[in-house]
Amino acid sequence: MTIYLNGKLVPKEQAVVSVFDHGFLYGDGVFEGIRVYDGNVFRLEEHIARLYESAKTIDMRIPMSSQEMIRATLDTVAANKKRDAYIRLVVSRGAGDLGIDPRKCSKPTVVIIVDSIALYPQEIYDRGVDLVTASHRRIPMECLDPRIKSLNYLNNILGKIEAVRAGVPEALMLNHHGLVAECTADNIFMVKNSTVKTPDLMQGALGGITRQAVIDLAIEAGLEVRETVLALHDLYNADECFLTGTGAEIVPVINIDGRVIGSGQPGKRTLQLLEAFRELRTRDGCRVDYDRIPEPAEA
Ligand code: PMP
């Protein structure tokens, strides 16, 4: 496995980062999770744009342009010769001292990992999944805007622990007003009377790349789409419900907190959107040129 680390492609064993890195010490940094489908890096430009927006909000200057970041990502995929993969792109504040002052970190650390993708079992798509509502609320925007894809995932992890305890794959997270925000690592959608609805981002959700792709596909299919305010009551009484995310793609939800959603089976619109997404994923993005393999840097 070849890793991109601060401008160089190095073997995995040499891809090491300082224990003084504020990404490690404080979760001070940003990241992206991106999929490669048959040599197509899905919506790469959108992921890179989100990365730079996250970095700007936490006042961290990434030491390369977004075009250079796109090139580095494509080169790392090519160097690993993977046609289907999961990319983890991390930019941390860099090595500093033991205090939190980011001015002590002279340069951000940039890491790109291209790994095999751990696919969800097919059963998840055939049967659908159950959700529970986590007791932990999503961090309010005025404290840490959930649109920032930061390295600090403790809020989401606490929600995930509740899902694990309940024996379900995902938990729903509400905002501090008790309205639906998103899940611990996925966005949430519902369908009612052929209208597709998802919480608007001001409710406290990450602007998911898959979420936007699904909105685009739903509009293309002639469905009405509303980014709106949703309460648990709306989800419990939806005709259909589904999750979206880079790893999950589109996963039907059939039960929330013990309430059966719609018919208790993956919904018609959900399956229609999943089919459209599977067609889109290999053509919407940046193609990898596998012949352009840069030499890994010397040790
Ligand atoms: N919300 C959260 C909190 C996430 O971590 C993610 C990414 N796993 C998503 C939503 C979905 O975003 P995307 O479609 O860009 O993967």
Side-chain angles (χ1 to χ4, degrees), residues 27 29-37 40-55 57 73 85-91 113 115 117-120 124 129 131 133-134 136-141 143-163 169-175 179-190 196 198-218 225 227 230 241-251 253 270 273-274 276-278 280-281 284-286:
V30 295
F31 77 102
E32 282 297 318
I34 312 169
R35 289 276 287 267
V36 188
Y37 293 102
N40 178 57
V41 185
F42 183 68
R43 295 209 166 176
L44 177 60
E45 288 177 6
E46 289 84 344
H47 277 284
I48 299 298
R50 185 171 70 181
L51 181 81
Y52 278 74
E53 289 189 1
S54 294
T57 302
T73 307
Y86 179 82
I87 304 169
R88 173 57 56 91
L89 210 164
V90 180
V91 187
I113 305 166
D115 203 354
I117 169 86
L119 292 172
Y120 283 87
I124 280 220
V129 297
L131 300 184
T133 302
H136 287 89
R137 298 287 172 92
R138 202 74 181 89
I139 294 177
M141 188 171 276
C143 300
L144 180 65
D145 196 318
R147 289 177 296 175
I148 304 166
K149 197 165 169 65
S150 92
L151 288 179
N152 198 317
Y153 252 55
L154 260 187
N155 178 236
N156 313 60
I157 290 165
L158 290 172
K160 179 74 176 185
I161 288 169
E162 294 191 53
E170 252 293 17
L172 200 59
M173 296 191 83
L174 308 178
N175 64 21
L179 297 164
V180 178
E182 59 176 339
C183 292
T184 68
D186 296 290
N187 290 111
I188 184 99
F189 280 77
M190 59 167 276
V196 176
T198 190
D200 96 57
L201 297 182
M202 294 302 164
Q203 299 306 315
L206 180 73
I209 304 298
T210 322
R211 173 185 182 277
Q212 189 56 51
V214 166
I215 290 173
D216 297 345
L217 288 170
V225 178
E227 294 177 65
L230 297 174
C241 186
F242 60 87
L243 307 173
T244 66
T246 292
E249 300 185 321
I250 299 173
V251 169
V253 174
T270 306
L273 287 166
L274 178 57
F277 182 81
R278 290 196 161 151
L280 183 78
R281 68 190 187 180
D284 188 341
C286 297

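The figures here come from the full heavy-atom set of this structure, side chains too, leaving out hydrogens, waters and symmetry mates. Just so you know, ligand 1 is whichever comes first in the structure, and atom 1 is the first atom listed for that ligand.
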**Q** If the condition is side chain to side chain donor-acceptor pair (under 3.5 Å), which residues does Tyr120 pass it with, not counting sequence neighbours?
**A**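 Side chain to side chain donor-acceptor pair (under 3.5 Å) check on Tyr120 returns nothing, list empty.
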
**Q** To the nearest 0.1 Å, how far is atom 14 (O) of ligand 1 from its closest protein heavy atom, and which atom is that?
**A**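 Answer, as residue, atom name and distance: Thr210 OG1, 2.6 Å.
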
**Q** Can you tell me how far the CG atom of Leu174 sits from the CG atom of Leu172, to the nearest 0.5 Å?
**A**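 With rounding to 0.5 Å, CG (Leu174) is 6.0 Å from CG (Leu172).
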
**Q** Report the part of Leu206 (side chain from C-beta onward, or backbone N, CA, C, O) that has a heavy atom under 4.0 Å from ligand 1; answer both or neither where that applies.
**A**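 For Leu206, only side-chain atoms sit under 4.0 Å from ligand 1.
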
**Q** Could you state the interatomic distance from OG1 (Thr198) to CZ (Arg211), rounded to the nearest 0.5 Å?
**A**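 Going from OG1 on Thr198 over to CZ on Arg211, the span is 5.0 Å.
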
**Q** Considering heavy atoms of the protein only, find what lies nearest to atom 11 (C) of ligand 1 and give residue, atom and distance to 0.1 Å.
**A**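 Answer for atom 11 (C) of ligand 1: Asn187 OD1, 3.7 Å.
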
**Q** Does an N or O from Arg50, backbone or side chain, lie closer than 3.5 Å to an N or O of ligand 1?
**A**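 Yes, at least one N or O pair falls under 3.5 Å.
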
**Q** With rounding to the nearest 0.5 angstrom, report the OG1 to CE distance, Thr270 to Met190.
**A**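 So the gap between those two atoms works out to 11.0 Å.
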
**Q** Show the atoms of ligand 1 that are less than 4.0 angstrom away from any heavy atom in Thr184.
**A**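 Under 4.0 Å from Thr184, ligand 1 has these atoms: 3 (C).
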
**Q** For the 3.5 Å polar cut-off, considering only N or O atoms, please tell me whether Glu182 and ligand 1 meet it.
**A**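 There is such a contact, yes.
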
**Q** Hey, which atoms in ligand 1 end up nearer than 4.0 Å to a heavy atom of Gly245?
**A**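 So the answer, numbered in order with elements, is 11 (C), 14 (O), 16 (O).
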
**Q** Assess Ala185 for proximity to ligand 1: is some non-hydrogen atom of it under 4.0 Å away?
**A**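 The answer is yes, since Ala185 has a heavy atom less than 4.0 Å from ligand 1.
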
**Q** Can you pull out the closest protein heavy atom to atom 16 (O) of ligand 1? Residue, atom name and distance to 0.1 Å, please.
**A**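 Checked against all protein heavy atoms, atom 16 (O) of ligand 1 sits closest to Thr246 OG1, 2.5 Å.
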
**Q** Please answer whether the main-chain N or O of Met173 pairs with a side-chain N or O of Glu182 as donor and acceptor at a distance below 3.5 Å.
**A**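 No, because the side chain of Glu182 does not come within donor-acceptor range (under 3.5 Å) of the backbone of Met173.
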
**Q** Ligand 1 and Tyr153, any nitrogen or oxygen pair closer than 3.5 angstrom?
**A**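 Yes, since at least one N or O of Tyr153 sits under 3.5 Å from an N or O of ligand 1.
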
**Q** Nearest protein heavy atom to atom 12 (O) of ligand 1, by residue and atom, and its distance?
**A**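 Going atom by atom, the protein heavy atom closest to atom 12 (O) of ligand 1 ends up being Gly208 CA, 3.4 Å.
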
**Q** Any heavy atom of Lys149 sitting closer than 4.0 Å to ligand 1?
**A**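 Flag set, Lys149 near ligand 1.
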
**Q** Please work out whether any backbone atom (N, CA, C, O) or any side-chain heavy atom from C-beta onward of Asn156 is under 4.0 Å from ligand 1, and answer side chain, backbone, both or neither.
**A**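 Only the side chain of Asn156 comes within reach of ligand 1.
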
**Q** Would you check the N or O atoms of Ile209, main chain and side chain alike, for any that come under 3.5 Å of an N or O of ligand 1?
**A**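 Min N/O separation from ligand 1 is below 3.5 Å for Ile209.
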
**Q** Taking atom types as modelled, find out whether Thr210 and Glu249 have a side-chain donor-acceptor pair closer than 3.5 angstrom.
**A**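 There is no such pair (donor and acceptor under 3.5 Å, judged by atom type) between the side chains of Thr210 and Glu249.
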
**Q** Applying side-chain hydrogen bond (donor to acceptor under 3.5 Å, both in side chains) between Arg138 and each of Asn155, Thr184, Asn175, report the one that passes.
**A**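 Going through Asn155, Thr184, Asn175 one by one, the side-chain hydrogen bond (donor to acceptor under 3.5 Å, both in side chains) with Arg138 is satisfied by Asn155 alone.
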
**Q** Under 4.0 Å between a Lys/Arg side-chain N and an Asp/Glu carboxylate O for Lys149 and Glu32?
**A**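 No, this pair does not count.
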
**Q** Salt bridge or not for Asp284 and Arg43, using N-O below 4.0 Å?
**A**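 A salt bridge is present here (some side-chain N lies under 4.0 Å from a carboxylate O).
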
**Q** Within the structure, is a non-hydrogen atom of Glu32 found at a distance of less than 4.0 Å from ligand 1?
**A**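 No; Glu32 lies far enough from ligand 1 that no heavy-atom distance drops under 4.0 Å.
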
**Q** Between Phe189 and Phe242, what is the ring plane arrangement, given parallel below 30°, perpendicular above 60°, and tilted in between?
**A**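 If you compare the ring of Phe189 with that of Phe242, the planes turn out parallel.
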
